Amino acid sequence: MNMIQALNDAHKVVMRADEDVVVFGEDVGYFGGVFRVTEGLQKEFGKTRTFDAPISEGGIVATAVGMAAYGIKPLIEIQFADYIYPGYDQIVSEVAKMRYRTGGEWTMPMVIRTPYGGGIFGGQTHSQSPESLFTHIAGLKVVVPSTPYDAKGLLIAAVEDPDPVIFFEPKRIYNGPFDGHHDRPVTPWSKHPASDVPEGHYTVPLGKAVIVREGADLTVLAYGTMVHVALAAVIEQGLDAEVIDLRTLVPLDIETIEASVQKTGRCLVAMEAPRTSGFASELVTLVQERCFYHLEAPVERVTGWDTPYPHAYEWAYFPGPKRMKTALEKVMAD
Amino acid sequence: MSDKDPALRRNAPKLALHVPEPKFRPGDTPDFSGIVIAAAGEAPRPDTSAPAAETHPLATSLVRVLGDDHRAVGPWDPKLDADTLRKILSDMVTVRTFDDRMYRSQRQGKTSFYMKCTGEEAIATATAAAMSRDDMHFPTYRQQGLLVSRGYPLVDMMNQIYSNKGDRLKGRQLPIMYSDKAHGFFSISGNLGTQFPQAVGWAMGAAIKGDSRIAMGWIGDGATAEGDFHSAMTFAAVYNVPVILAVVNNQWAISSFSGIAGAERATFAQRAVGYGIASLRVDGNDALAVYGAVQWAAERARSNNGPALIEFFTYRAEGHSTSDDPSGYRPGDEAKAWPLGDPIERLKAHLFALGEWDEDRHAALAAEADTAVRAAQKEAEKIGILPQQGKDDIGSMFDDVYAEVPWHIAEQRDAALEESR
Ligand SMILES: Cc1ncc(C[n+]2csc(CCOP(=O)(O)OP(=O)(O)O)c2C)c(N)n1
């Protein structure tokens, strides 16, 4: 299965198991979503459980709040992460804070799915990685899968989670594990072990990272598309690197990170989003706070630039193999 | 006590959710005979200084000028001279030719993306003809006709589409997201609806400064669901803003029909009623009706009689964009069944009826448009197509984030240049 099929399958599993799960968003109904993640759901579950929403992200999130208050579990799609901003106030001021401000009486068990990231020539409004903005908000969980297997297991876990989850889907790797080499063909997921997606129900727990490659000389922390870029880079550099896919940014699996960095003594953090005040900064700080006396070199970060995402300069913007290489060399120096 | 307990509410009816569905899906035979279409010439034309309420009956009818006999009738006939009519026709033909070539360019891998306005050409081109050259537009992505009508060089449009070195936006924007101040064309945003209240703000600025120029904001039927639509209406009404607010109702928002934006309950023009804004619903495939309505609204705005909402009723004849295949959600021949016809064919037939046009001249016009578009394409492609771009002048990517380049961006620019070596 590719990631789209795995996500589609996750929808079917949760919708079959729990008839309170309701899916809506722009174009998700009859057509099955512009990326086809919700294909076939309306046919199987009917129009009142999978439907097209008006083009109003604020309205989509706000009505999800009301539904959650009623007792329904909204599993909503924001067509592109770039369009989450009209719903931002509802997410930040309402969804995130409801449990806290009502002393736990009202909760917001919902999942907000949204494709994010660049590398598709989408220009500035179809390429952004806004996850850091949500990790900054108390009350939200933030998930970013990097394989079909994880995508399905994490989405099921997110729906079953009692708290609101923002679920970022790396659209660049919907169809295959893109490694940053934009001038080479991407191998499809079917050639990757993580495309072996079990039928039926299983979960990948929120808050648990996975070591995708063991190593002794340095730790690379990555999530989403950058997991594959990082993997390719360390292999190309011939480094004995441990690559960790964080999978969940909030809550973060600090134990796995700590254990790894204490073992390797070196750390590199990679994300697609712009640099300043990004989640990479938080990771660098945590590693510095907890592993300082184990570190043999300053922690490095590889990120996008602090510019809007440019159309023609997409590949000069995207943190690809060259930027990885420079940072890896730096973190491995002496 | 729980009011969810069915035992306590034994006799209460079961609630049900209504989810709108279009009448026809793939495989169905489209039949628009159920749509009530006012006859050309039927809608009354209030004075441009009339109170908004007087226009409100027009929110449910349809301003039409061109009749089935291709003659112009009724109070909305702008009585244009033949040269103006030919100019609008020529602009429409150019837009369609341009769209077809750029669509093909995308298919040939010369650029990443394209959006046509097929079937909607009359709206932007006749609007441009009806407004002053120095009025400001806050367009969305299907108003390329505004630029064409205002004489924006086709090659500049293509340079933007190819993100090449001639691109005035320096390769930063998605194709078709033009911007040109001198041509009164505000930067197109990928985020739907944002431009609508911005148009109101520009016009407020003009009013604050005692300017004589007005603004026009544009939005699609689907995007009227965004909160920004309502901000625009509120501010326009509160401050009696000299602005024209246009909803292009082409009935489809990617795969979602206009019912998902509320069209089952009321027309988009009717939204003006609740705000006390003048409203017109116009046959968007009738260039004369478009012209007449915009001329009316512009005169109203210019004389401080306030804003107007115009719904242009039309049909998106092709896919949403190069990324869309409409055969997945609507009948393939739906555009042909659409009863308001094709705007180019209608204006052409009108000019024929006037004796001001013939097949030879039309063929010459089509050939001329084709030649102009091909020439522009050749010129633009000489400068470059998208796959060749973004490899040199990488440093330029870091300009214009701020007026001056701050240290952290300067550092990143150096790193990017180093990386590209
Ligand atoms: C805020 C926001 N949400 C979603 C999108 C994705 N999107 C782009 S175009 C479109 C449909 C717009 O339909 P409509 O407003 O009717 O305009 P039309 O394409 O028919 O001209 C959608 C949902 C977007 N660009 N911006």
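On a predicted model such as this, the values are computed, not experimentally measured, just so you know.
Only the backbone of B:R421 comes within contact range of chain A, judged by heavy atoms closer than 4.5 Å. For A:D52, the parts lying near chain B are the backbone and the side chain together; criterion is any non-hydrogen pair under 4.5 Å. With a 4.5 Å cut-off on non-hydrogen atoms, A:T326 does not touch chain B at all. Heavy-atom distances place both the backbone and the side chain of B:S256 under 4.5 Å from chain A. Proximity to chain B (any heavy atom under 4.5 Å) is restricted, for A:T276, to the side chain, taken from C-beta onward. Neither the backbone nor the side chain of B:F113 has a heavy atom closer than 4.5 Å to any heavy atom of chain A. Of the atoms belonging to A:Y309, it is backbone heavy atoms, and not side-chain ones, that fall under 4.5 Å from chain B. Heavy-atom distances place the side chain of B:S396, and not its backbone, under 4.5 Å from chain A. A:Q42 touches chain B through its side chain: at least one heavy atom from C-beta onward sits under 4.5 Å away, while N, CA, C and O do not.
Between A:R323 and B:E419 there is a salt bridge, since a side-chain N of the basic residue sits under 4.0 Å from a carboxylate O of the acidic one.
Within the model, atoms CZ of B:R25 and CZ of A:F31 stand 10.5 Å from one another, a figure rounded to the nearest 0.5 Å. Taking CG of B:L17 as the reference point, atom CZ of A:R49 lies at 13.0 Å (rounded to 0.5 Å). Interatomic distance, A:H311 NE2 to B:T111 OG1, rounded to the nearest 0.5 Å: 5.0 Å. Put simply, CD on B:E226 and OH on A:Y83 are 10.0 Å apart, with the number rounded to the nearest 0.5 Å. Rounding to the nearest 0.5 Å places OG1 of A:T307 at 12.0 Å from CZ of B:R413. The CD atom of A:E314 sits 13.5 Å away from the CD atom of B:Q389 when rounded to the nearest 0.5 Å.
Considering only heavy atoms from C-beta on, A:F121 comes within 4.5 Å of B:L386 through its side chain. Between B:I254 and A:E26, the closest side-chain pair of non-hydrogen atoms is not below 4.5 Å.
Counting heavy-atom pairs closer than 4.5 Å to chain A, the top-ranked of the candidates B:H320, B:M177, B:H18, B:E21 is B:E21. Taking B:D400, B:N164, B:D392 one by one and counting their heavy-atom pairs under 4.5 Å with chain A, the maximum is reached by B:D392. Interface summary for chain A: among B:A16, B:P26, B:G193, the most heavy-atom pairs under 4.5 angstrom belong to B:P26. Contact count against chain B (heavy-atom pairs under 4.5 Å) is highest for A:A312 among A:A312, A:G58, A:G122. Ranking B:T194, B:I394, B:D167, B:D324 against chain A, the residue ahead of the rest is B:I394, based on heavy-atom pairs under 4.5 Å. Contacts with chain A were tallied for B:A415, B:S112, B:S189; B:S112 has the most, counting heavy-atom pairs under 4.5 Å.
Closest non-hydrogen pair, A:Y313 versus B:M397, comes out as CB-SD, 3.4 Å. Closest heavy-atom contact between B:V401 and A:P308: CG2-CD, 4.3 Å.
In this structure, B:E264 places its CD atom where more than 12 heavy-atom neighbours from other residues, nucleotides or ligands lie under 6.0 Å away.
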